[in-house]
Peer 1: 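Just passing along the structure, written as structure tokens.
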Amino acid sequence: MVQLFAIMLGLTFGSFLNVVIYRLPRNLFFSKSRSFCPHCKYQIPFHSNIPVISYLIQGGKCTNCAASISRHYPIVELLSALIWGWASFNYGLHQGILFIWICSILLAISIIDHETFIIPFPLIISALLGFLVYIYFNPTEWRVSFWGAIMGVGYLSLVFLLTSAIFNKQTLGLGDLQLIAITGMWLGPVNVLLSVFISALLALIIWGILSLFKGFDRNRAMPFGPYLSGSAILLYVLDIDLLTYLSTF
Ligand SMILES: [Zn+2]
């Protein structure tokens, strides 16, 4: 019952996340207007603002101008429901709230970085505040978070310097380093290294596939945020204890 409630809340929270994803990079965050169609500016009435369902009923089109609505709206709502559901099934209150907070921010960062190549600083600060509150209630956790951030930023800086030297251009942004500090605090010093490794590998594979289909372009820009975020959530959910695993050899 609690889980069902969490999933419903997750769907609704997903709608709010969509607003953040749309407004934050456009500096519209504090504008008072209700949700509107980005194409014709038609204000979306309350009854067609139901997560996922409205999208399906309208066939993914605006009721006013019939412009197609980006698929990422219902996808974000569904992922948000999944995040809330997973948290309510698997974690206690504090860890669950932190999980929802961090995953939601990572989801927003992934889509914004994918669309605009920007990782908004307010989202980094929001995640950091989440950790501070969590550590206030769970003070013994500070050590893992502290060393996780140090290791993450250190290792990614090394990757950044090496790849920039090899490709002779800036390969990562400052936003990526801020992001790894956040996922490092969440994953701890061991798994954050694994996360950087998996992200780089995935990005390389996707880059290879894109090069095959769209032609080789050494200047093709690829946002790294979605890979860092995705691998962090995957490692957290799988809960791999690398040290224990390695010590069995
Ligand atoms: Zn419209």
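Whatever order the structure lists ligands and atoms in, that order sets their numbers, starting from 1.
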Peer 1: Can you name the side chain to side chain donor-acceptor pair (under 3.5 Å) partners of Thr163, sequence neighbours left out?
Peer 2: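 Listed in chain order: Thr171.
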Peer 1: Both conditions, 6.0 Å and 45 degrees, for the charged tip of Arg71 above the ring of Tyr73: are they met here?
Peer 2: no
Peer 1: Would you mind listing the cluster partners of Tyr136? Hydrophobic ones only (ILVMFWY), side-chain contacts under 4.5 Å, chaining allowed.
Peer 2: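 Besides Tyr136, the hydrophobic cluster comprises Val133, Phe137, listed by chain and residue number.
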Peer 1: Counting the benzene-type ring for Trp, do Phe16 and Phe13 have ring centres under 6.0 Å apart?
Peer 2: yes
Peer 1: Testing the 3.5 Å rule here: is there a donor-acceptor pair between the side chains of Tyr91 and Trp86?
Peer 2: yes
Peer 1: Taking only residues two or more places apart in sequence, or in another chain, which ones meet Tyr236 in a side chain to side chain donor-acceptor pair (under 3.5 Å)?
Peer 2: Gln95
Peer 1: Spell out the protein N/O/S atoms under 2.8 Å from the Zn ion (ligand 1) as residue plus atom name.
Peer 2: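 As for protein N, O or S atoms lying under 2.8 Å from the Zn ion (ligand 1), they are Cys37 SG, Cys40 SG, Cys62 SG, Cys65 SG.
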